[in-house]
Amino acid sequence: MVQAVANANFHSLSGSSAPQDQSPEYKEYRQCWVDNPAQFIVRDFPLHLDIEITNRCNLQCTFCDKLPLLSKEQMGDMEMWLYKKILDEAEQGGLWGVKLSYRGESLLHPQIAEMVAYAKSKGVLDVYFNTNGMLLSEKMSLKLMDAGLDRISVSMDGTDPVAFERERKGAKYHRILRNIENMMELKSKRGYSHPKVRVQSVRFPDLDVDGYTNFWASRCDEVATIDYKDVNVRNGDILKNDWACPQLWQRMTVECNGTIMPCNNDDFRLLSPGNVKDKSVYAYWHDTRVYQIRELHKQGLSHLVEACNGCPWRTTQISKLINNLQDNHVK
């Protein structure tokens, strides 16, 4: 049985986005992030929530595999009352981390700074989100700093402006570069150590990793890549493998309409036990169906879960394991 391994798809290349002064609570949080999936520990409440505050986006990326599945009628923003309902419960449950993004561009939500501040007021240690950086103006940067944002991850694939703008339709490379540099400069002027700014790229097959790292290392707090997922690979013998997904013991995802899922890769909502408008996050975390999914993963039978068997992220991780075994055998 291959145990669930945290952060197997993430690669930090330079620097760090962790707090400079880590509290005992933060250290415990990050240790649980690794230990809970490795030992199949189900905490009383999720360690982390991905809360989709909006599924609207200002770009049309050629490689996006989530937003094209949505109709115009399905697009919108999370209402503040629903967001506060989730965070009020999370405070009681002892939530440690929240990411204010899933699909869409988080900076499009008109109350994002207020949402960051509310999460911090509820004791959440690690508040962050992913962004394409187009709307990260000086005014917005200052609002996010003052709200207490801990981290921000800006998606910047490669260092070639032409190729970047070709794939991320609607993006302006040099505007985003300027926005990142301005945020770093504003932090310095104000004496803030937050938010930590991570620049992150999908590890596309043609990415010059060394060149990418060298370019960005002096312009942000951390440079990183995440594994490339081939969304076209969704079946075959490779999917029958003793592999367990770490997310089932770490986090849950809440869409802007309240739909909750045990992971952030269930594009067709096959695993969703319900909606947080109807029941608590706690109830869904301990839902019988979610426990059944965890048990199948523990037994090395994740391929029997329809959504997992067709998950590109799962396929990517299994492929890496197989390739590593083959490489070691050859050596």
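Keep in mind that this is a model prediction, so the values were computed, not measured.
- To the nearest 0.5 angstrom, L149 atom CG is 6.5 Å from M183 atom CE.
- The pair D88-K122 meets the salt-bridge criterion, with a side-chain N (NZ, NE, NH1 or NH2) lying under 4.0 Å from an Asp/Glu carboxylate O.
- Between V199 and Y212, the closest side-chain pair of non-hydrogen atoms falls below 4.5 Å.
- When all heavy atoms of V290 and P273 are compared, the closest pair comes out as CG2-CG, 4.1 Å.
- Using a 3.5 Å distance cut-off with no hydrogens or angles, the side chains of S302 and R314 do pair a donor with an acceptor.
- Taking 4.5 Å as the limit, every side-chain heavy atom of I51 sits out of range of all side-chain heavy atoms of M115.
- If you take CG on D35 and CG on L47, they are separated by 10.0 Å, rounding to the nearest 0.5 Å.
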Point to revise | Audit row: H286, Y282, side-chain contact (heavy atoms from CB on, under 4.5 Å) steps and yes/no | key: CA-CA 6 Å; H286 295 282; Y282 175 91; 3.4 Å; yes
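- R168 has its side chain within reach of C61: a pair of non-hydrogen atoms, C-beta onward, lies under 4.5 Å apart.
- Nearest heavy-atom pair across E222 and S17 is OE1-OG, 2.7 Å.
- What you find for L100 and V98 is that their closest heavy atoms are CD2-CG2, 3.9 Å.
- For the pair N265 and P312, the minimum side-chain heavy-atom distance is 4.5 Å or more.
- Taking the six-membered ring for Trp, F40 and W249 have ring centres closer than 6.0 Å.
- Connection of M252 to V305 is established within a shared hydrophobic cluster, with ILVMFWY side chains joined at heavy-atom distances below 4.5 Å, either directly or through further cluster members.
- R56 places a side-chain N or O within 3.5 Å of a backbone atom of L108 that can act as its donor or acceptor partner.
- Using modelled atom types, no side-chain atom of R151 and backbone atom of Y128 make a donor-acceptor pair closer than 3.5 Å.
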Review point. Where do H109 and Y83 land on the side-chain contact (heavy atoms from CB on, under 4.5 Å) test, with the steps shown first?
Key: CA-CA 12 Å; H109 198 294; Y83 177 77; over 6 Å; no
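- Between atom CE of residue M156 and atom CD of residue Q200 there is a gap of 13.0 Å, rounded to the nearest 0.5 Å.
- Counted within 6.0 Å of CD on E165, heavy atoms from surrounding residues, nucleotides or ligands total more than 12; the atom is thus considered enclosed.
- A heavy-atom distance below 4.5 Å is not found between the side chains of D126 and H48.
- Under the 4.5 Å side-chain heavy-atom criterion for Ile, Leu, Val, Met, Phe, Trp and Tyr, V254 and Y102 are members of distinct hydrophobic clusters.
- In this model, no donor atom of one side chain and acceptor atom of the other lie less than 3.5 Å apart for D21 and Y26.
- Ring geometry for W96 versus Y29: interplanar angle of 30 to 60°, hence tilted.
- Aromatic ring orientation, F204 versus Y228: tilted (interplanar angle from 30° to 60°).
- Although no hydrogens or angles enter the test, the distance criterion places a donor-acceptor pair under 3.5 Å between the side chain of E52 and the main chain of C256.
- Transitive grouping of hydrophobic side chains (ILVMFWY, heavy atoms separated by less than 4.5 Å) keeps M261 and W313 in distinct clusters.
- Proximity of S106 to T131: side-chain heavy atoms (C-beta onward) are nowhere separated by under 4.5 Å.
- T213 approaches S14 most closely through the heavy-atom pair CG2-CB, 3.9 Å.
- Within a 6.0 Å radius of NZ in K187, more than 12 heavy atoms belonging to other residues, nucleotides or ligands are found.
- Between E255 and N55, the side chains place no donor N or O within less than 3.5 Å of an acceptor N or O (distance only, hydrogens not considered).
- A donor-acceptor pair under 3.5 Å is formed between the side chain of K85 and the backbone N or O of V276.
- If you check the side chains of T54 and E105, you find no donor sitting under 3.5 Å from an acceptor.
- No donor-acceptor distance shorter than 3.5 angstrom exists from the side chain of K277 to the backbone of T259, with no hydrogens or angles considered.
- Using a distance-only test at 3.5 Å, with no hydrogens or angles considered, no donor-acceptor pair links the side chain of R289 to the main chain of Y284.
- At a threshold of 4.5 Å between non-hydrogen side-chain atoms, the residues K172 and R178 do not count as touching.
- N179 places a side-chain N or O within donor-acceptor distance of the main-chain N or O of G133, the cut-off being under 3.5 Å.
- Between the side chain of E89 and the backbone N or O of V281 there is at least one donor-acceptor pair closer than 3.5 Å.
- Side-chain contact of Y192 with D146: a donor-acceptor pair under 3.5 Å is present, judged by distance alone.
- Heavy atoms only, all atoms of each residue included: L82 and N257 are closest at CD2-C, 4.2 Å.
- For the residue pair W33 and N7, a side-chain donor N or O sits within less than 3.5 Å of a side-chain acceptor on the partner.
- Put simply, CE on M78 and CD1 on I86 are 4.0 Å apart, with the number rounded to the nearest 0.5 Å.
- S201 and D157 form a side-chain donor-acceptor contact under 3.5 Å, judged by distance and modelled atom types alone.
- In this structure, the side chain of S101 engages the main chain of N130 through a donor-acceptor pair within 3.5 Å.
- Expressed to the nearest 0.5 Å, how far CD1 of I152 lies from CE of M145 amounts to 9.0 Å.
- Across all their heavy atoms, L136 and S141 have their closest contact at CG-OG, 3.7 Å.
- Remark: the Q317 side chain and the D227 side chain contain an N/O donor-acceptor pair separated by less than 3.5 Å.
- Counting only distance, with no hydrogens or angles, the side chain of W285 and the backbone of R43 share a donor-acceptor pair below 3.5 Å.
- Within the 4.5 Å cutoff, the side chain of L142 has heavy atoms near those of the R190 side chain.
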Review point. Is there a side-chain contact (heavy atoms from CB on, under 4.5 Å) between F45 and Q92 once you walk through the steps?
Key: CA-CA 9 Å; F45 198 80; Q92 298 302 314; over 6 Å; no
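- Between T159 atom OG1 and N214 atom CG the span is 10.0 Å, to the nearest 0.5 Å.
- For E295, the CD atom sits in a packed shell: over 12 heavy atoms of surrounding residues, nucleotides or ligands are nearer than 6.0 Å.
- When hydrophobic clusters are built by joining Ile, Leu, Val, Met, Phe, Trp and Tyr residues whose side-chain heavy atoms come closer than 4.5 Å, directly or via intermediates, F10 is not grouped with V34.
- F63 and V162 fall into different hydrophobic clusters, where Ile, Leu, Val, Met, Phe, Trp and Tyr residues are linked whenever their side-chain heavy atoms come under 4.5 Å apart, directly or through other members.
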Exercise for review: Report the C-alpha separation of W216 and L13 in whole Å, then their side-chain angles, then the decisive distance to 0.1 Å, and conclude whether the side-chain contact (heavy atoms from CB on, under 4.5 Å) test is met.
Suggested key: CA-CA 10 Å; W216 284 109; L13 306 174; over 6 Å; no
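- More than 12 heavy atoms of other residues, nucleotides or ligands lie within 6.0 Å of CD in E91, so this atom counts as buried by the packing criterion.
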